[in-house]
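Each remark here refers to the structure printed beneath this line.
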Amino acid sequence: MERYILTLRCPDRPGIVRALAGGIVRAEGNILESAQFSDPATGVFCMRTCFESPDHDYAAVRGLIADAVAGFDPALTLRPEWRRRRLLVMVSRLDHCLADLLYRWETGELPADIRLVVSNHETCRPLAERHGLPFRHIPVTAASKRDAEQRLLGLVAEHQIDGVVLARYMQVLSDDLCRALESRVINIHHSFLPGFKGAKPYHQAYERGVKLIGATAHFVTEDLDEGPIIEQDVVRVGHAYAAEQLVAIGRDVERMVLARAVRLFAEDRVVVAGARTVVFD
């Protein structure tokens with residue numbers, strides 16, 4: 001039996017689940033897991049389903065299901081479960097998020113296929129190569145930014161990348177690149193925005209005596225750090241914590257939140273609905 005993962009998003013109205021189930025039945029499928037959500041604020045219906053079928057012909061199965069739900073004009077994804085999402089990871093100099101993702105990938109905790117690492121610096125090359133991954137150095141300056149992004153898009157196409165992970169990649173993506181990779185780029189940052197912008201946000205937080213350290217993982221859009229949120233977390237801290245301790249705690253939270261967000265993405269558990277996400281975890 002072949003196991004498939006399916007997601008669907010469309011305007012909500014009666015009959016969607018019935019039509020989808022009918023398509024799965026026509027593919028001789030048996031539903032193993034299913035979750036759905038209808039958002040009253042936007043009128044959007046979202047669904048994630050795992051099913052098995054004796055038909056290993058992916059194109060034929062997709063065709064049967066797509067025909068069954070065509071009247072609802074859905075955004076539909078389908079993949080065999082064994083075909084893992086292909087990821088490209090971008091990083092600058094700070095390696096804590098990259099190191100954590102590579103560890104989880106190498107031990108099998110992260111159900112994705114990391115294909116390569118791209119950076120605007122050489123700092124993380126040894127880390128990537130220790131894990132047997134190609135490392136591509138693409139320097140970025142104001143003059144070379146457009147060419148650098150075209151090189152990145154070339155790598156995305158060459159490696160058939162499904163998602164790009166910004167593991168503390170400290171460059172702002174252009175609007176054109178954000179549109180070209182819509183809902184495919186995941187970023188991680190501290191949750192002090194908009195309060196503590198710029199360099200050393202944890203030191204700024206220390207000066208203000210914050211009581212919570214947090215991190216946010218979100219999809220990248222043209223609006224800087226304001227894309228649909230995938231995952232968040234916080235840790236309580238106190239007045240006795242030094243600035244360096246806040247930095248260390250912040251890095252831990254960033255690692256955990258990014259890893260969870262990437263896992264959710266890799267398992268097709270995140271559906272974008274306007275400015276929000278529906279997360280089937």
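- Electrostatic pairing of R79 and D268 counts as a salt bridge here, judged by a charged N lying under 4.0 Å from a carboxylate O.
- Side chain of D223 to main chain of E226: no donor-acceptor pair is present (N/O by atom type, distance under 3.5 Å, no hydrogens or angles).
- For the atom pair NZ of K200 and CD of E207, the computed distance is 11.0 Å after rounding to the nearest 0.5 Å.
- Using a distance-only test at 3.5 Å, with no hydrogens or angles considered, a donor-acceptor pair links the side chain of S119 to the main chain of V91.
- Looking at F37 and V271, their side chains never come closer than 4.5 Å, going by heavy atoms from C-beta outward.
- Taking 4.0 Å as the cut-off between side-chain N and carboxylate O, E182 and R179 do not count as a salt-bridged pair.
- Annotation for R276: atom CZ does not count as buried by contact number, only 12 or fewer foreign heavy atoms lying within 6.0 Å.
- In this structure, V44 is not a member of the same hydrophobic cluster as V17, with clusters built from ILVMFWY side-chain heavy atoms closer than 4.5 Å.
- The shortest distance between side-chain heavy atoms of L88 and V118 falls below 4.5 Å.
- At a threshold of 4.5 Å between non-hydrogen side-chain atoms, the residues D176 and R146 count as touching.
- Nearest heavy-atom pair, L102 versus A128, reported as atom, atom and distance to 0.1 Å: CD1-CA, 4.3 Å.
- Note: the hydrophobic cluster containing M256 does not contain V262 (ILVMFWY, side chain heavy atoms under 4.5 Å, direct or indirect links).
- For E222, the CD atom counts as densely surrounded, since its 6.0 Å shell holds more than 12 non-hydrogen atoms of other residues, nucleotides or ligands.
- Placement of F45 and V272 in two distinct hydrophobic clusters is found when ILVMFWY residues are connected by side-chain heavy-atom separations under 4.5 Å, directly or transitively.
- The minimum heavy-atom distance between V278 and A273, with the atom names listed, is CG2-CB, 4.4 Å.
- Both Y58 and I31 sit in one connected hydrophobic cluster of ILVMFWY residues. Membership requires side-chain heavy atoms under 4.5 Å apart, directly or through other members.
- Salt-bridge annotation for R83 and D162: present, with a side-chain N of the basic residue lying under 4.0 Å from a carboxylate O of the acidic one.
- Within 6.0 Å of OH in Y206 there are 12 or fewer heavy atoms belonging to other residues, nucleotides or ligands.
- The local environment of CZ in R93 is sparse, with at most 12 non-hydrogen atoms from other residues, nucleotides or ligands closer than 6.0 Å.
- Using modelled atom types and a 3.5 Å distance limit, the side chains of E2 and S53 yield no donor-acceptor pair.
- D233 has a carboxylate O that lies under 4.0 Å from a charged side-chain N of R260, or vice versa, which qualifies the two as a salt bridge.
- S92 and M170 get closest at one heavy-atom pair: OG-N, 2.9 Å.
- Residues I114 and V89 have side chains in contact (heavy-atom distance under 4.5 Å, counting atoms from C-beta outward).
- Counting only N and O atoms by type, the side chains of E254 and H96 include a donor and acceptor under 3.5 Å apart.
- A distance of 5.0 Å separates CE in M47 from CD in Q36, rounded to the nearest 0.5 Å.
- L110 and A259 get closest at one heavy-atom pair: CD1-O, 4.4 Å.
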From CA spacing to verdict: salt bridge (charged side-chain N to carboxylate O under 4.0 Å, His left out), D281, R263: CA-CA 10 Å; D281 192 13; R263 176 186 63 80; 3.4 Å; yes
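- Heavy atoms only, all atoms of each residue included: A19 and V69 are closest at C-CG1, 4.1 Å.
- Residues D100 and L258 fail the side-chain proximity criterion, which asks for heavy atoms closer than 4.5 Å.
- For the pair L181 and V220, the minimum side-chain heavy-atom distance is 4.5 Å or more.
- Residue-environment remark: NE2 (H239) stays at or below the threshold of 12 foreign heavy atoms within 6.0 Å.
- Note on V257: it clusters hydrophobically with L264, by side-chain heavy-atom contacts below 4.5 Å among ILVMFWY residues.
- Contact of the L133 side chain with the W105 side chain is registered, since non-hydrogen atoms from C-beta on lie closer than 4.5 Å.
- Classification of R48 and E33 as a salt-bridged pair holds, one side-chain N sitting under 4.0 Å from a carboxylate O.
- Rounding to the nearest 0.5 Å gives a distance of 10.0 Å between CZ of R3 and CG of N30.
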Stepwise side chain to side chain contact (heavy atoms under 4.5 Å, CB included) test for C178 and T221: CA-CA 5 Å; C178 290; T221 66; 5.6 Å; no
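- Remark: the S174 side chain and the E149 side chain contain an N/O donor-acceptor pair separated by less than 3.5 Å.
- Ring geometry for Y4 against F51 counts as parallel: the plane angle stays under 30°, on a 0 to 90° scale with 60° as the upper cut.
- In terms of heavy-atom proximity, D55 sits nearest to A27 at CB-O, 4.4 Å.
- To the nearest 0.5 Å, atom CD1 of residue I24 and atom CG of residue L64 are 11.0 Å apart.
- The main-chain N or O of A242 is found under 3.5 Å from a side-chain atom of Q245 such that the two form a donor-acceptor pair.
- Comment: R84 does not engage D113 in a salt bridge, judged by the lack of any side-chain N to carboxylate O separation of less than 4.0 angstrom.
- A salt bridge does not link D147 to R151: none of the charged nitrogens lies less than 4.0 Å from a carboxylate oxygen.
- Within the model, atoms CD1 of I138 and CD of Q171 stand 11.5 Å from one another, a figure rounded to the nearest 0.5 Å.
- The side-chain contact (heavy atoms from CB on, under 4.5 Å) test with Y169 singles out one residue from L173, V165, V172, and that residue is L173.
- Between L116 and F135 the shortest side-chain heavy-atom distance does not fall below 4.5 Å.
- Distance check: L101 CG to R104 CZ gives 7.5 Å after rounding to the nearest 0.5 Å.
- Using modelled atom types, one side-chain atom of R269 and one backbone atom of F280 make a donor-acceptor pair closer than 3.5 Å.
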